[in-house]
Amino acid sequence: MNTRRAVFPGSFDPLTNGHLDIIKRSAPLFDEIIVAVLNNPEKNPLFTVAERCRMIEEILPQIETDGCDFVVDSFSGLTADFAKKSGASAIVRGIRAVSDYEYELRMALMNRRLEPTIETVFLMAAEEFSYVSSNLMKQVFTLGGRVEGLIPALVEAKMKEKISHK
Ligand code: PNS
């Protein structure tokens, strides 16, 4: 039987509970999900790609797998190329609100043009995460605001270490 493999690409700087919600929702749909961290030095990230991958690797075993295998990897270049090279048949993306739709639609159509055999699968994030983004979490946390329940505890601890060392 063919392995139903999907790539869930993103910056994950850092992983939020919104990302985890999408990972949990995608688990029953696929045999294997590659959580793929984009290596994009232009973005001036808070965490290195290696740090992001390590955090995700530590957090994923805590969630219900539904028989799905999770793999964490990083990539540079096009998501469509990475997905093809990985033998994935789908790219998973989360939609939080209508405002995400336009950007996601453009990406999905471009990815389809680049790699017609790979479908983008959109999953709707839980309402409670509809306003949660990595950037907002970093901003609020840096300014001393509370982010519990919105990011994994491990991510919060690592953010604390990063920010106190700045
Ligand atoms: O969740 P994010 O951080 O907004 O993720 C965006 C991501 C990584 C999915 C997107 O920027 C991407 O796919 N970048 C890789 C380069 C690429 O393939 N660009 C064309 C997309 S149509």
Side-chain angles (χ1 to χ4, degrees), residues 4-27 29-30 32-60 63 68 70-142 147 150-152 154-156 158-159 162:
R4 294 168 308 161
R5 183 177 294 121
V7 168
F8 179 36
S11 307
F12 303 109
D13 185 42
L15 182 85
T16 67
N17 284 349
H19 293 127
L20 274 183
D21 178 61
I22 296 298
I23 293 171
K24 283 180 200 162
R25 289 173 195 281
S26 52
L29 307 176
F30 298 99
E32 185 182 302
I33 296 169
I34 306 171
V35 180
V37 179
L38 175 67
N39 187 0
N40 183 1
E42 281 160 36
K43 265 198 162 177
N44 191 21
L46 177 62
F47 292 102
T48 65
V49 169
E51 287 170 331
R52 283 177 260 163
C53 288
R54 237 187 344 263
M55 277 190 276
I56 300 170
E57 272 162 2
E58 279 188 49
I59 292 163
L60 286 184
I63 71 172
C68 175
F70 297 125
V71 175
V72 182
D73 203 350
S74 62
F75 74 106
S76 303
L78 291 171
T79 294
D81 286 346
F82 176 78
K84 172 86 175 171
K85 198 183 77 196
S86 308
S89 55
I91 295 170
V92 170
R93 291 290 291 169
I95 300 235
R96 292 165 295 194
V98 176
S99 49
D100 283 337
Y101 179 71
E102 219 175 298
Y103 168 65
E104 293 295 337
L105 176 67
R106 272 187 278 131
M107 264 207 310
L109 293 178
M110 191 64 218
N111 282 330
R112 185 194 276 166
R113 186 188 172 93
L114 292 168
E115 208 39 80
T117 59
I118 298 175
E119 284 297 335
T120 296
V121 174
F122 289 124
L123 296 174
M124 306 309 142
E127 306 87 278
E128 72 234 58
F129 302 124
S130 61
Y131 60 94
V132 174
S133 70
S134 299
N135 284 341
L136 191 64
M137 295 303 102
K138 283 187 282 194
Q139 187 190 95
V140 171
F141 186 83
T142 309
V147 289
L150 304 179
I151 54 173
L154 174 79
V155 170
E156 191 177 350
K158 296 282 177 195
M159 286 220 289
K162 269 279 166 191

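All ligand and atom numbering here is 1-based and tracks the order in the structure. For reference, positions follow the sequence shown, starting with 1. Since the structure is predicted, the reported quantities are computational estimates derived from the model, not experimental observations.
Salt bridge annotation for K138-D13: present, with a cationic side-chain nitrogen under 4.0 angstrom from a carboxylate oxygen.
Side-chain atoms of R5 do not come within 3.5 Å of backbone N or O of I33 as any donor-acceptor pair. Looking at T16, its side chain does come within 3.5 Å of a backbone N or O of G18 through a donor-acceptor pair.
Put simply, the side chain of L20 does not reach to within 4.5 Å of the side chain of F129, judged on heavy atoms.
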Requested in this report: List the steps and the verdict of salt bridge (Lys or Arg N to Asp or Glu O under 4.0 Å) for D81 and K85.
Outcome: CA-CA 6 Å; D81 286 346; K85 198 183 77 196; over 6 Å; no
Can you give each donor-acceptor pair under 3.5 Å made by side-chain atoms of residues 108-122, sequence neighbours left out, with the distance rounded to 0.1 Å?
unit_1	atom_1	unit_2	atom_2	d
N111	ND2	M107	O	3.3

Using a cut-off of under 3.5 Å, which N/O atoms of ligand 1 pair up with protein N/O atoms, and what distance separates each pair?
unit_1	atom_1	unit_2	atom_2	d
ligand 1	1 (O)	R93	NH1	3.1
ligand 1	1 (O)	R93	NH2	3.3
ligand 1	3 (O)	S11	N	3.0
ligand 1	3 (O)	S11	OG	2.7
ligand 1	5 (O)	R93	NH1	3.4
ligand 1	13 (O)	T79	OG1	2.5
ligand 1	18 (O)	T79	N	2.9

